[in-house]
Every structure is written in structure tokens, then in C-alpha cells.
Undergrad: 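Take this structure first; my questions come after.
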Protein chains: 2
Amino acid sequence: MNDQGGSITADDVAALAGVSRWTVNRAFKKDASISAKSREKVMKAAQELGYVPDLLATSLATDRTNLVALLVDDFANPHKLIMMERLTRILRRNGYDTLLVNTSDEEDASAALLNASQRRVDAAVLIGVSFNDQSLETALGAKRVKKLIVFARMSSNDNTISICCDDRAAMTAITQHVFSAGYRNPVFIAGPQSQSAHLQRKETFLSQWEKTTGSRPKFASVERYDPKLAYDLVAEWFRDTPKSELPDVLVCENDALAMGAIDAIRFELGLRVSEDIAVTGFDNAPQASSPHYELTTYRQPLTEMAEALVDVLEGRKRKSTLNAFQGQLIVRKSA
Amino acid sequence: MNDQGGSITADDVAALAGVSRWTVNRAFKKDASISAKSREKVMKAAQELGYVPDLLATSLATDRTNLVALLVDDFANPHKLIMMERLTRILRRNGYDTLLVNTSDEEDASAALLNASQRRVDAAVLIGVSFNDQSLETALGAKRVKKLIVFARMSSNDNTISICCDDRAAMTAITQHVFSAGYRNPVFIAGPQSQSAHLQRKETFLSQWEKTTGSRPKFASVERYDPKLAYDLVAEWFRDTPKSELPDVLVCENDALAMGAIDAIRFELGLRVSEDIAVTGFDNAPQASSPHYELTTYRQPLTEMAEALVDVLEGRKRKSTLNAFQGQLIVRKSA
DNA sequence: CAGAAATTTGCACGCGGGTGCAAAAAAATA
DNA sequence: TATTTTTTTGCACCCGCGTGCAAATTTCTG
């Protein structure tokens with residue numbers, strides 16, 4: 001059967017071009033030994049039939065899928081959209097497809113990883129936040145995921161590759177900005193305190209600030225990077241605090257929290273942002289530039305980081321160069 | 001070789017369990033004819049070895065991948081995150097995985113579809129906005145995508161299945177709300193005016209309003225569902241308009257536009273939302289409930305729609321029942 | 001133009017598992 | 001217990017393509 005009985009295979013093309021199936025396959029392979037003449041013949045026939053090599057069969061035969069699982073558990077943070085956009089775009093440009101795995105309602109990431117492994121993904125990339133050492137280890141136990149990569153976050157797990165910007169440098173820049181802008185009574189608002197895939201932001205801020213001023217700031221944390229949680233936290237914590245005892249700046253672990261905090265400052269406490277209490281974030285989410293927020297924040301070099309991810313997938317790139325990407329402090333009106 | 005030489009196959013399990021490979025496969029198949037005894041033996045051996053059936057091989061053999069391509073071209077709208085979350089969750093629960101395809105930088109959707117087809121996806125689901133008749137047709141020319149589904153949007157293309165809520169009913173509800181709240185001088189703000197995968201919202205609003213009041217409202221449209229574009233549109237259009245000639249309500253095609261519009265009203269025109277100009281949206285995006293926006297909007301029954309999508313994938317469900325999902329008007333302070 | 005060297009091409013077999021059918025085993029019947 | 005019926009199991013062959021090697025061509029020498 002030729003074209004209609006399902007899909008066109010290399011055999012169909014071979015028949016039309018008058019060569020063997022293997023020659024057809026070679027024509028589609030980058031650096032195969034094939035004469036220009038027969039490649040041309042094959043390509044013409046292929047085009048005529050609308051033939052395209054089947055990735056399933058290819059993957060099965062080569063044990064390489066060019067598929068990457070992207071594990072996401074945090075759909076409340078709009079910045080994730082930006083990350084997804086950047087990652088999918090750059091992966092695709094390098095020949096990889098992306099399997100989107102929602103891990104937000106599984107108590108454990110390993111089930112998700114197992115599932116991805118059944119599709120033989122070349123790597124699993126975590127841009128979620130609530131994976132901890134334990135689930136990573138369990139997942140790795142299955143051993144079928146060839147590479148496990150934590151994106152935009154540190155990981156202390158040795159079996160894991162982490163690609164992220166230099167959190168210390170970034171947070172130091174924020175700290176300096178906050179200090180030299182004259183703020184003296186900061187509070188740090190952190191996200192979930194997980195085990196392995198964590199950020200250095202809180203530690204860095206606290207220690208930097210202590211080094212500079214001699215006093216260690218207070219901090220609080222919420223369970224998820226959800227603006228609503230930050231809102232409630234700020235609202236409840238400061239509602240009955242006399243104005244003189246309020247912090248003069250809230251340093252937030254990311255923009256999602258910062259935006260929740262800003263809303264609370266305005267609508268719960270009835271105060272002005274930056275005049276009464278300043279706020280800083282992290283990520284430069286799309287909404288950060290909105291006139292409502294005008295958020296002072298830090299932009300990670302996502303494109304560069306995504307390209308490093310490709311390098312890791314292709315097996316080049318040393319592990320040591322992957323945690324020092326430099327981003328940029330973005331100063332707006334909120335602090 | 002047993003476990004370490006790569007992955008464990010059914011043969012390994014068969015050897016350990018003392019049965020043939022085919023018995024092992026049967027043990028993993030839902031309704032296969034196999035004795036309870038040998039299934040148990042197999043499962044024990046499988047567990048011991050950590051065997052899991054390979055989805056690549058299965059797909060190749062059965063011509064069914066349980067993979068769905070999700071095509072997204074609009075990463076500026078945070079509501080897309082919600083849709084992705086809902087879709088991936090429900091698809092996964094029904095045994096499907098999701099391939100995330102970013103079509104925002106391809107001039108044509110067909111390349112993306114072609115790519116997905118190489119992985120033999122069972123269906124392609126579009127939640128993007130800028131697909132038009134032509135690219136859909138081209139894509140279908142490739143014929144390798146078994147089903148093409150437009151989610152949360154109408155399509156006039158016959159080869160396409162569209163799953164969406166009853167836009168007419170929804171928009172009628174908004175129209176009635178706006179009218180009975182006393183607004184009399186509306187302007188409709190629409191997104192891109194594409195060919196096939198479009199919304200009925202604008203048409204419905206204009207005709208409903210005309211029917212009710214006798215006059216046809218003005219409208220404007222932007223090229224993408226991007227808050228910034230709506231911001232600029234509103235800012236420029238009304239900047240020099242005397243206050244008496246301003247509309248009293250902006251009816252927006254979705255929340256992304258509505259939020260941009262609100263920002264412009266406040267920060268460009270210096271007016272109050274709802275007192276001076278009211279605003280309505282559509283989607284009930286997460287930010288719609290933020291105290292900054294308090295957006296009156298309409299929530300689509302996403303879960304129900306996602307479940308209908310599964311029905312379509314499984315081949316049950318008639319086409320006629322797919323465009324009449326009923327959502328809910330959510331009244332907040334913006335209108 | 002013969003013979004050697006370099007290219008191309010064809011082919012058996014494998015990747016991991018599904019299908020239908022026939023042989024074997026177990027259960028039911030007489 | 002012998003026979004028939006039903007349930008299990010094993011097997012050949014297929015899904016579409018890649019790999020290594022040997023056979024067939026082509027190109028290069030002398």
C-alpha cells in the first residue's frame with residue numbers, strides 16, 4: 001500500500017526513488033555516506049509523498065528521543081510562563097521537544113518521573129519548587145531518566161545538575177541597593193524551605209545584611225510561591241503593628257511574593273509602597289513592570305541558561321560553569 | 001545481560017519469572033487472557049527488577065502514543081497557565097502525556113504540527129490564538145495528525161473539532177449585566193481578528209447591545225492578547241477625549257486586555273475604574289481577583305471542557321455537544 | 001586500460017513489544 | 001477415567017528505522 005493506508009514509510013519512498021530503504025534513511029541523516037545524486041532522488045520522492053522520518057522508530061532504534069520532560073508544580077507564578085516559553089523555544093531550536101509534566105497534584109515527583117522515563121526522555125528538567133532530596137533520590141532510583149536537571153535553582157544533590165544564576169551575587173546586588181537607598185529595617189519574605197532544590201537568597205540576604213549593619217533581619221516564609229499567601233502573611237503580620245515599628249522594606253524571594261506583599265501593603269494596611277514600605281522581588285515577571293507594581297527586581301539570564309541546558313543535553317559543558325550566570329538588577333519605583 | 005546493560009526488558013522479567021516474554025506483556029495488559037497465578041509471578045519479578053513497559057515500543061507497535069501536542073502561541077496571558085495546568089492534569093489522569101509546542105515564533109503553525117506528527121501524537125490541541133484557516137489547512141495537508149482540536153475557541157474549519165463554552169450565552173450575560181448596571185456608552189476591546197479560530201464575543205456583544213438599545217457600540221482591536229497593547233490602545237485613544245465623551249464601560253474580550261485597560265485608565269488617564277470607566281473581562285485569570293483589578297469577568301468551565309477533550313480523544317462524544325459549555329459570570333467591583 | 005583505493009549501496013539483524021493463531025494445559029463433562 | 005470444552009501459553013511475524021559489514025560501484029593511479 002502506498003500513501004493512504006496510514007503513513008508513508010521509507011519503503012514507499014525507496015520504491016518511488018528506485019533505491020533501497022536504507023538509502024532513503026541515509027538521505028535523511030546528516031553525515032551519512034551517500035552520493036549527492038541519490039540523496040537528491042530520494043528527497044524528491046520524499047517530498048512528493050510527504051514522507052517524514054518517524055521519530056518513534058528512530059528513538060527506539062537509537063535510544064535517543066530528543067525529548068525533554070519539563071516538570072512544573074507551580075502554576076500560580078506567571079513567571080513560569082516566561083520560563084516555559086524560553087525553554088521550549090530554545091530546546092526546539094536545537095532539535096528537542098518538550099514533555100510538559102504537571103507535578104502539582106502528585107504528592108511525589110517520582111511518579112511523574114517514572115512516567116517520563118517510560119517515554120525514555122533524554123532528560124528531566126525541574127522548574128518546580130517543591131521537590132526535595134528525598135523525591136529526587138527515589139526518582140533516580142528508577143534510573144531510567146538519564147539526566148536530572150534543576151533549572152533556575154540550586155541543588156545539593158550530587159546526581160543532579162543545576163543550572164542557575166549566581167544567587168549570591170544577585171542577592172548581594174539587591175542588598176546593596178536596598179542599603180544604599182537608605183532602608184534600615186528590612187524583613188525577608190521567603191518561599192517554601194525545601195531540602196535540596198533551594199535558593200541561596202534568604203541566607204545571602206541575611207548574612208550580607210548582618211555583615212553590613214551588624215543586625216540580623218527578621219524573615220518569614222510561606223508554603224508556596226503564591227501571591228495570595230504572601231498577601232495573607234503580610235496582612236496578618238503587620239495589621240496591628242504600630243507604624244513606627246513596621247519594616248521599611250520587604251525583600252521578597254521572588255516577584256510572585258512581592259506582588260502579593262504590595263497588594264497587602266496597599267489594600268490591607270492602607271500604606272504607600274516605597275514611601276511607607278518598599279518592596280523588592282526577583283525574576284522580573286511580566287507584571288513587575290506594570291504601573292501597579294513598578295517592582296524593583298532581578299532578571300536572570302534565561303536565554304543564556306536555556307542554552308547552557310542544551311549544552312548539558314549534548315554532553316558538552318562542565319558542571320562547574322553552571323551556577324554562576326549573571327543577571328541584572330532592575331530598579332523601579334517600588335524600592 | 002540482565003539489569004545494568006541499559007534498561008530492563010520484558011525478556012529479563014520473563015527469564016526471572018520462568019515464563020515467556022509474551023506472558024510478561026500480557027501481565028501488563030488490562031484485559032488480557034492470563035491466569036492470576038502467572039500474572040502474580042510476573043508482577044513480582046517485574047517489581048524486583050524495576051521493569052516498566054517501554055512506551056516507545058508500545059506506541060510503535062500499536063500506532064497509539066497516548067501523547068497530545070499542546071500548541072501555545074500566547075505566553076503573555078497568565079490565564080494560559082491555568083489552562084495548561086488543567087489540561088495536563090486531566091490528560092495525565094486519563095493516561096495521556098502532553099507535548100508542549102511553542103508556536104509563538106513560527107510564522108506558521110504547520111511546522112509545529114509537522115513536528116508533532118513525527119512523534120505520532122494522537123491529537124493536537126490548540127490553545128493559541130493566531131492560527132488561521134490557512135495554516136490549519138496546510139497543517140491538515142500533512143494528514144499525519146489524527147485529530148486537530150481547537151480548545152476554548154470556535155473554529156469554522158470542518159476538519160477541526162472545537163471545544164468551547166457557549167460564547168454567545170456568556171457574552172449575553174455580560175451584556176445584560178453591563179446594561180442593567182446602568183452603563184450606556186460602551187466600547188468593545190477585541191483581540192486579533194483571525195479567520196477561523198475566533199471568538200463570537202465581539203459580534204455577540206455588538207448585536208446584543210444594538211438589539212437592546214438601538215445603537216451599535218464602537219470597538220477597537222489589538223494584534224495580540226497582550227495587556228501592554230491594550231494599555232497603549234486605551235491610553236492613546238482616550239488621552240485627549242473630553243471626559244464627557246469618554247465611554248462609561250470597556251467591555252474586553254479577555255482579562256489580559258481588561259487588565260491592560262484598567263492600568264491605562266488609572267495611570268494614563270488618571271481616572272477611577274468603575275466610577276469613571278468600568279471594565280469587564282473574560283476568563284477569570286488569577287490576577288482578576290487581585291484587589292488592584294477586582295475584575296468583573298466570566299469563568300469558563302475548564303475542567304468540564306478538559307474532560308470533554310478526553311472524551312473526544314477516546315472517540316466517544318458527538319461533535320454537536322462540544323460548543324455549549326456553560327460558565328459563570330463573576331461580578332466584582334470593576335463593573 | 002588494468003588494478004588498487006575510495007565511495008556507495010544492500011542486507012541481516014536488532015530496538016521492545018503487540019497481534020492473531022495454533023499448541024498445550026487446565027477445567028468441566030460424561 | 002476418557003473426552004470435550006475452555007483457558008493459557010508460546011510463537012512467527014510486524015511496527016519503522018539504525019548499525020555494522022560485505023558486496024557492488026565509482027574514482028583514481030600508473
Side-chain angles (χ1 to χ4, degrees), chain A residues 1-3 5-15 17-43 45-46 49-67 117-122 144 146, chain B residues 1-3 5-15 17-43 45-46 49-67 117-122 144 146:
Chain A
M1 58 213 73
N2 38 16
D3 63 41
S7 42
I8 302 101
T9 76
D11 282 307
D12 301 317
V13 179
V19 295
S20 72
R21 176 172 73 71
W22 294 274
T23 302
V24 173
N25 293 161
R26 283 199 186 86
F28 279 89
K29 204 181 159 193
K30 201 65 180 281
D31 41 299
S33 89
I34 186 179
S35 67
K37 208 190 319 176
S38 37
R39 169 168 269 151
E40 197 180 345
K41 259 197 308 188
V42 168
M43 287 317 211
L49 294 174
Y51 167 79
V52 175
D54 185 315
L55 250 34
L56 275 187
T58 305
S59 301
L60 183 59
T62 59
D63 197 36
R64 189 167 194 276
T65 52
N66 279 33
L67 230 202
S117 77
Q118 285 187 268
R119 299 215 183 255
R120 300 229 211 152
V121 295
D122 289 340
R144 311 237 309 179
K146 296 161 201 159
Chain B
M1 60 213 73
N2 36 20
D3 61 43
S7 42
I8 302 101
T9 76
D11 282 306
D12 301 317
V13 179
V19 296
S20 72
R21 175 172 76 71
W22 294 275
T23 303
V24 173
N25 293 160
R26 283 199 185 87
F28 279 88
K29 205 182 158 192
K30 203 65 180 276
D31 41 298
S33 89
I34 185 178
S35 67
K37 207 188 321 173
S38 38
R39 169 168 269 153
E40 198 180 344
K41 260 197 307 188
V42 168
M43 287 316 210
L49 295 173
Y51 167 79
V52 175
D54 186 313
L55 251 34
L56 276 186
T58 306
S59 300
L60 183 59
T62 60
D63 197 37
R64 190 166 193 278
T65 52
N66 278 38
L67 230 202
S117 77
Q118 285 188 269
R119 297 211 183 259
R120 301 226 211 155
V121 295
D122 289 340
R144 311 238 308 180
K146 296 161 200 159

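Basis for what follows: all heavy atoms, side chains included, without hydrogens, waters or symmetry-related copies. Each chain gets a letter, A, B and so on, in the order its sequence line appears, and its residues count up from 1.
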Undergrad: Search all heavy atoms of B/K29 against all heavy atoms of B/R39 and return the closest pair with its distance.
TA: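 Nearest pair, atom of B/K29 first, then B/R39: O-NH2, 2.8 Å.
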
Undergrad: Quick one: does B/L67's side chain get under 4.5 Å of A/R119's, heavy atoms only?
TA: yes

Undergrad: Can you sort out the partners of A/A61 under side-chain contact (heavy atoms from CB on, under 4.5 Å), two or more places apart, ordered by chain and number?
TA: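 Checked A/A61 against side-chain contact (heavy atoms from CB on, under 4.5 Å); zero matches.
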
Undergrad: So does B/S33 get a side-chain nitrogen or oxygen closer than 4.0 Å to the phosphate oxygens (OP1/OP2) of D/dT9?
TA: no

Undergrad: Using five base pairs at each end to define the local axes, how bent is the helix from C/dC1-D/dG30 to C/dA30-D/dT1, to the nearest 10°?
TA: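 The angle separating the two end axes equals 30°.
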
Undergrad: Which atom names give the shortest non-hydrogen contact between A/A17 and A/A45, and what distance separates them?
TA: CB-CB, 3.9 Å

Undergrad: Provide the closest heavy-atom pair for B/Y51 versus B/I8 in the form atom of the first, atom of the second, distance.
TA: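 Closest heavy-atom pair between B/Y51 and B/I8: CD1-O, 3.3 Å.
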
Undergrad: Taking side chain to side chain donor-acceptor pair (under 3.5 Å) as the test, write out the residues that go with A/D63, two or more places apart.
TA: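 For A/D63 the side chain to side chain donor-acceptor pair (under 3.5 Å) partners, ignoring immediate neighbours, are A/R120.
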
Undergrad: Specify the separation, in whole Å, of atom CG of B/D63 and atom P of C/dT19.
TA: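 So the two atoms are 11 Å apart, to the nearest Å.
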
Undergrad: Suppose we screen for side-chain contact (heavy atoms from CB on, under 4.5 Å). Which residues come up paired with B/S38, at least two apart in sequence or across chains?
TA: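 Here the qualifying residues are B/T23, B/I34, B/S35, B/K41.
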
Undergrad: Establish, with yes or no, whether the OP1 or OP2 oxygen of D/dT8 is under 4.0 angstrom from a side-chain nitrogen or oxygen of B/S38.
TA: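 Looking at the OP1 and OP2 atoms of D/dT8, neither is under 4.0 Å from any side-chain N or O of B/S38.
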
Undergrad: Show the nearest heavy-atom pair for residues B/A46 and B/V13, with the distance to one decimal.
TA: N-CG1, 3.8 Å

Undergrad: Can you build the contact string for nucleotides 11-21 of chain D? Use B for base contact, S for sugar-phosphate-only contact, and - for no protein heavy atom under 4.0 Å.
TA: BB--BBBBBB-

Undergrad: I want to check something: taking the side chain as every heavy atom from C-beta on, are A/L56 and B/T65 in contact at a cut-off of under 4.5 Å?
TA: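 Side-chain contact under 4.5 Å: yes.
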
Undergrad: Provide, to the nearest angstrom, the distance between the CG atom belonging to B/N66 and the P atom belonging to C/dG18.
TA: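 Roughly 12 Å, once rounded to whole Å.
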
Undergrad: Can you check each nucleotide of nucleotides 23-28 of chain C against protein heavy atoms at under 4.0 Å and return B for base, S for sugar-phosphate only, - for none, in 5' to 3' order?
TA: ------

Undergrad: A/T9 and A/D54: side chain to side chain contact (heavy atoms under 4.5 Å, CB included), yes or no, with the steps?
TA: CA-CA 8 Å; A/T9 76; A/D54 185 315; over 6 Å; no

Undergrad: Take the protein atom CD of A/Q118 and the nucleotide atom P of C/dG16, then report the distance between them rounded to whole Å.
TA: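 Value for this atom pair: 14 Å.
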
Undergrad: Roughly how far apart are A/N25 CG and A/S20 OG, rounded to 0.5 Å?
TA: 8.5 Å

